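Encoded as structure tokens, the structure appears first; notes follow it.
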Amino acid sequence: MESERIEIPYEDCNNQGRIFSLANRLGHDMNTYARRYMKSKFVAQGKDFDYSYYQIASPSYSLDLVDEAELHEEGARTDGISNDEAYWIGFFYKYFALSLSLTNEQAWEKIPFDRMRAFYAEYGAASKETAGEEMAKILRKEMTAGKPHVVILATGGTIAGSAPSAASVIGYRAGVLNVDEMLAAVPELADVADVRGETICAIDSKDMTDEIWLRLTACVNELLASDDADGVVIAHGTDTLEETAYFLQLTVKSDRPVVLTGAMRPATALSADGPMNLLDAARVAVSKEAAGKGVLVVMNGEIHSAREVTKTRTLGVDAFGSPVLGCLGTVDAGVPVFYRTPSRRHTTQSEFTAASLPRVDILYGHAGDDGALADACVRAGAKGIVYAGMGNGSIPADVEKALINAAKEGVAVVRASRGMGGTAVSAEPSYDAAGFIASDTLSPQKARVLLRLALAKTNDVKELRRIFQEY
Ligand code: SIN
């Protein structure tokens, strides 16, 4: 079966440039020419030219077939272009394909060979290494004229994960792919926006730190205050994605869209979900309706508010939900549609700035809890404790005693619920008298984010209660 997909290995710049130049001279597109060239090599070796085999075996097999010397001889005979020029033209095509997130074929279609030669003549001779960058800027500007600018910030996670086999969805390494590789896997991004990538970190998100949060929020604020980004997408591991999203919801000072996304299957998996999630996230990031709605999370075709969303499943691509209030909208068939708007304060209405954050611990309530860990938190220097209590934030009697003592020592105590859905509201008069604060619909991990930012400003219980009612 004849395949239309021909891989010219990026490493093979010299030959690639030569194939480009020869194809152009002979009036063929690169694919047709490369196929013809490969076929002649197969035939010369007495083999049948089997396109399906070629497709599977390339690029390494096709590299073996290219006889560089012969290719250059043929090149010199046919087009009179020097090897040096052929090499740099190949290099520039490679550079453009990578930096503009294009496939080889798209780079070839978008940049005619004669134009590339003209670029080489104008910039190439002086400083070839930096000429690629200069040309990419010019071409990016042309190709994306009138399109919104989206910056994709990579932080690691499964979306950038690599597994030993396409069937593996566990036991992989998170954060292996670099941001350019992630973008190159989704060339359709270029139809949505002028997209470029930056790397913040490359971690498994269980290892998220305050330092990275502060750097991330500073980067997002800087990008959105400039003309460089109409929206920002953050590719993140799913395990702490909801906490980062809520931290940004409270510390980003812009109405422009900030969208987090991730993946449940590594990039190397069959039916990887990352590429579609990334594309949907970019679609939301350029959507006018997304502006002013706070930080959003886009996963599996759903749009969630950073305040409500949580990871509800450990495996499976439908891993995110907003159990109490539901999602804000959907990205069905590539079109973002919003059905409601978050009403709590966020982003430009937030009073918080990212600063050094005090220690706040979370305790998970259980039958027979004796309060020993609450005492341990105080000894460890916690300025706040979030108790993930039973039902409506109920606290066993022994733990209540320990938390009352903690509150007397100036530690802020927030009652949340270990239940997935519902609200922790004011319950026992003794809780109110002790100065405990109800988390409202915030999960324990979100309540911790809010309490840390709040405690950086005040430890007045009345103020803290106001904050938990307003955010
Ligand atoms: C991570 O959170 O970094 C690993 C898990 C994931 O992204 O799904």
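In each ligand, atom 1 is the first atom listed, and ligand 1 is the first ligand listed. Values below: all heavy atoms of this structure, side chains included; hydrogens, waters and symmetry mates excluded. Note that this is a predicted model, so its numbers are computed, not measured.
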Contact atoms of ligand 1, heavy-atom distance to [X] under 4.0 Å:
{"X": "D204", "result": "1 (C), 2 (O), 3 (O), 4 (C)"}
{"X": "G157", "result": "3 (O), 7 (O)"}
{"X": "D239", "result": "2 (O), 4 (C), 5 (C)"}

Ligand 1 contact by A263, heavy-atom criterion under 4.0 angstrom: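 Right, A263 reaches ligand 1.
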For the residue pair F247 and W213, does the interplanar ring angle fall in the parallel (under 30°), tilted (30 to 60°) or perpendicular (over 60°) class?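 The rings of F247 and W213 lie parallel, inter-plane angle below 30°.
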Can you measure from CG (L325) to NE2 (H304) and round to the nearest 0.5 angstrom?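 Those atoms lie 12.0 Å apart.
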Measure the spacing between OG of S254 and CG of D230 and express it to the nearest 0.5 Å.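 Result: 10.0 Å between the selected atoms.
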Assess the pair Y364 and Y387: is the distance between their ring centroids shorter than 6.0 Å?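 No, the ring centres sit 6.0 Å or more apart.
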Give the residue, atom name and distance (to 0.1 Å) of the protein heavy atom nearest atom 5 (C) of ligand 1.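 So the nearest neighbour among protein heavy atoms is T158 OG1, 3.2 Å.
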Please list the nearest protein heavy atom to atom 8 (O) of ligand 1 with its residue and the distance rounded to 0.1 Å.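 Minimum-distance protein heavy atom for atom 8 (O) of ligand 1 reads T238 OG1, 2.4 Å.
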Compute the shortest N/O to N/O distance between S205 and ligand 1 and return yes if it is under 3.5 Å, no if not.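 Yes, at least one N or O pair falls under 3.5 Å.
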Let's go through Y471 and E351 carefully: what are the C-alpha distance in whole Å and the side-chain angles of both, what is the deciding distance for side chain to side chain donor-acceptor pair (under 3.5 Å) to 0.1 Å, and is it a yes or a no? CA-CA 10 Å; Y471 289 87; E351 68 201 82; 2.6 Å; yes
Passing option when D440 is tested against K446, R307, R466, R465 for salt bridge (charged side-chain N to carboxylate O under 4.0 Å, His left out):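 Of the listed options, the one satisfying the test is R307.
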